[in-house]
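To start, I am sharing the structure in question, which I have written as structure tokens.
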Amino acid sequence: MVDVRFGIMGLGRGRKAAEQIMEADGAVLTCVCDLQEEKAREKGEEHGCDWTTDYKEMFARDDIDAIGVYTSSGTHCDYAIEVMQAGKHAFVTKPMDILVEKCDAAIRMAQERDKILAVDFGNRYSPENQRLKAAIDQGVIGDVILGDVKMKWWREQSYYNGGYPLAWRSRKETEGGSIANQGVHFVDLIYWLLGPVREVYGRSATKTHDIETEDMTIAQLTFESGAWGLITTTTSNYPNLGTNIEITGTEGTVRWAQGKGASNRGIEIITKDDEAVDLSQFEIEETVADIAEDMVSAISKGTPPVVSGEEGKRSVEIFCAAYASAESGGPVSIG
């Protein structure tokens with residue numbers, strides 16, 4: 001198998017992706033790019049690869065097969081389209097973007113150029129989460145009737161004032177807010193576990209930070225299955241309480257907790273018989289560990305990426321519907 005040659009754009013979150021590429025079989029990190037020369041040089045020297053501050057230079061190289069975009073949220077699909085126009089496969093960090101229209105444009109480009117387009121959602125690669133999905137799909141908690149996401153995080157004002165360039169986390173032009181940035185991990189997770197969403201009723205506000213974007217959103221969901229959902233996201237909660245998810249079925253409940261301050265971290269399933277369900281009993285297909293292995297497999301073996309562009313768009317549809325509902329004061333349909 002010929003090694004897949006990678007480039008990474010943006011060395012904030014992109015640092016981890018670069019490390020994953022270095023560790024993945026069949027992957028070679030060819031070049032890293034960041035607007036900050038010191039950061040680009042440091043990571044290039046650390047990984048023994050080329051580095052640049054000019055992304056167009058990296059996109060134009062003929063010794064790169066796939067490029068990961070790890071820039072501000074509102075630029076993901078713009079850059080992904082340029083990557084594919086340059087003849088390379090593309091993957092982006094979460095969220096796929098902050099506008100559904102941009103996601104659609106990137107998906108069309110992937111189809112036109114016959115390129116892979118993927119979204120890096122770490123929760124989808126977790127074997128524990130995959131077993132949880134198998135358990136829910138097999139009816140361990142019966143018919144799902146309710147799914148709650150409670151993400152109560154804390155972010156200092158300095159978090160929003162920072163960010164290169166131009167404090168992108170605080171501006172609507174480049175970011176959404178607590179549900180679009182931090183919360184999108186769990187929007188994607190609850191969608192993946194419970195299925196497509198039909199309608200969203202949302203409220204958003206900026207409570208404790210000097211920012212254009214929101215720092216608190218509540219979204220009430222109606223899933224196509226008939227189940228209801230409630231997503232609460234905020235970066236104004238001190239202390240940080242992490243993320244807690246509860247999924248209620250007719251025969252039991254799932255508790256999922258993650259992060260600093262989360263109660264009873266891990267995954268727990270309790271049935272009506274007050275019996276704890278051992279997730280290890282649920283078989284899952286052998287899968288890839290992260291986005292680097294995912295892209296290697298997709299490019300060299302033709303396997304579908306864990307989160308395709310179409311899948312990545314779903315969480316964007318949900319949080320955009322929440323924002324639109326908050327503006328209009330009424331529910332917003334999806335699809």
Side-chain angles (χ1 to χ4, degrees), residues 8-10 12-14 17 33 35 55 59 66-86 88-113 115-124 163-192 196-197 200 202 204 211-214 217 219 231 233 291 294-295 305-327 332 334-335:
I8 291 291
M9 179 185 183
R13 168 62 180 83
C33 175
L35 290 175
Y55 78 91
F59 287 10
I67 291 177
V69 176
Y70 289 80
T71 55
S72 55
S73 298
T75 63
H76 291 169
C77 283
D78 292 335
Y79 287 130
I81 287 171
E82 286 194 56
V83 167
M84 292 182 285
Q85 286 175 330
K88 297 161 179 62
H89 304 289
F91 56 102
V92 304
T93 187
K94 62 77 193 170
M96 185 173 174
D97 207 284
I98 58 174
L99 296 175
V100 175
E101 309 90 88
K102 286 191 175 185
C103 297
D104 287 334
I107 291 166
R108 286 195 300 271
M109 181 58 65
Q111 293 169 343
E112 291 171 7
R113 298 299 176 103
K115 296 300 176 185
I116 294 163
L117 174 63
V119 184
D120 184 2
F121 272 115
N123 281 323
R124 296 278 198 117
Y164 189 89
L166 300 176
W168 63 269
R169 297 187 188 98
S170 70
R171 295 184 293 123
K172 286 187 176 181
E173 179 185 358
T174 48
E175 188 49 86
S178 68
I179 191 172
N181 186 327
Q182 296 81 14
V184 72
H185 288 289
F186 316 109
V187 175
D188 175 73
L189 185 60
I190 202 72
Y191 150 74
W192 181 47
V197 173
V200 180
S204 290
I211 55 178
E212 295 177 5
T213 54
E214 50 86 13
T217 287
I231 297 175
T233 63
I291 188 64
D294 197 4
M295 290 300 292
V306 170
V307 182
S308 64
E310 286 285 358
E311 274 288 280
K313 184 180 78 167
R314 301 308 175 199
S315 54
V316 182
E317 289 178 327
I318 294 168
F319 70 66
C320 283
Y323 289 150
S325 173
E327 287 287 332
V332 171
I334 295 177

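Note: hydrogens, waters and symmetry copies are ignored here, and every other heavy atom, side chains too, is used.
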>> Closer than 3.5 angstrom, by distance alone: can the side chain of N123 be matched with the main-chain N or O of L189 as a donor-acceptor pair?
In response: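 Not at all, since once roles are kept as given, no pair shorter than 3.5 Å links the two residues.
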>> If I take atom CG from residue D188 and atom CZ from residue F186, how far apart are they, to the nearest 0.5 angstrom?
In response: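 So the CG of D188 and the CZ of F186 are separated by 10.5 Å.
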> I291 and A118: which non-hydrogen atoms are nearest, and at how many Å?
Replying inline: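 So the minimum-distance heavy-atom pair works out to CD1-CB, 4.4 Å.
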> If you look at every heavy atom in A180 and P95, which pair is closest and at what distance?
Replying inline: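 Residues A180 and P95, closest heavy atoms: O-CG, 3.4 Å.
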> Considering all heavy atoms of both residues, which atom of D294 and which atom of V306 are nearest to each other, and what is their separation?
Replying inline: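 Smallest heavy-atom distance, with atoms named: OD2-N, 3.0 Å.
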> Is there side-chain contact between V184 and F121, with at least one heavy-atom pair below 4.5 Å?
Replying inline: yes
>> Once rounded to the nearest 0.5 Å, what's the spacing between atom CD1 of I98 and atom NZ of K172?
In response: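 Answer rounded to 0.5 Å: 10.5 Å.
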Pair up each side-chain donor or acceptor in residues 307-322 with any protein partner under 3.5 Å, not counting sequence neighbours, and list the distances.
unit_1 : atom_1 : unit_2 : atom_2 : d
S308   : OG     : E310   : N      : 3.4
S308   : OG     : E311   : N      : 3.2
E311   : OE1    : R124   : NH1    : 3.2
E311   : OE1    : R124   : NH2    : 2.9
E311   : OE2    : Y191   : OH     : 2.5
K313   : NZ     : D104   : OD1    : 2.8
R314   : NE     : E310   : O      : 3.4
R314   : NH1    : E317   : OE1    : 3.3
S315   : OG     : G312   : O      : 3.3

>> How long is the straight-line distance from CE of M84 back to CE of M109, given to the nearest 0.5 Å?
In response: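 Answer for the CE-CE pair, M109 versus M84, is 6.5 Å.
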> Considering all heavy atoms of both residues, which atom of A66 and which atom of M295 are nearest to each other, and what is their separation?
Replying inline: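 Distance-wise, the nearest heavy atoms are CB-CE, 4.2 Å.
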>> Would you compute the distance between atom CD1 of I8 and atom OG1 of T93 and round it to the nearest 0.5 angstrom?
In response: 9.5 Å
>> Tell me whether Q85 at atom CD has more than 12 heavy atoms from other residues, nucleotides or ligands lying less than 6.0 Å away.
In response: yes
> Which residues satisfy the salt bridge (charged side-chain N to carboxylate O under 4.0 Å, His left out) test with D120, sequence neighbours excluded?
Replying inline: R13
> Would a distance-only check, ignoring hydrogens and angles, find a side-chain to backbone donor-acceptor pair under 3.5 Å from H76 to V69?
Replying inline: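 Absent.
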>> Would the distance check show the side chain of R169 and the main-chain N or O of N181 forming a donor-acceptor pair, the cut-off being under 3.5 Å?
In response: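 Answer holds: no.
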>> Using the rule given for side-chain hydrogen bond (donor to acceptor under 3.5 Å, both in side chains), can you reason through E175 versus S72, listing the C-alpha separation, both sets of side-chain angles and the distance that settles it, and then say yes or no?
In response: CA-CA 7 Å; E175 188 49 86; S72 55; over 6 Å; no
> Are side-chain heavy atoms of T233 and Q182 found at a separation under 4.5 Å?
Replying inline: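 They are not in contact (no side-chain heavy atoms under 4.5 Å apart), so the answer is no.
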> Is a side-chain N or O of Y323 found less than 3.5 angstrom from the main chain of G177, in a donor-acceptor match?
Replying inline: yes
>> Would you compute the distance between atom SG of C77 and atom CD of E82 and round it to the nearest 0.5 angstrom?
In response: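 Answer rounded to 0.5 Å: 12.0 Å.
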>> Contact between F59 and I67 at the side-chain level, heavy atoms closer than 4.5 Å - yes or no?
In response: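 The answer is yes, as the side chains (C-beta and beyond) meet within the 4.5 Å cut-off.
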> Nearest heavy-atom pair of L117 and P305: which atoms, and what distance?
Replying inline: O-CG, 4.2 Å
> Between the side chain of D97 and the main-chain N/O of K102, is any donor-acceptor distance below 3.5 Å?
Replying inline: no
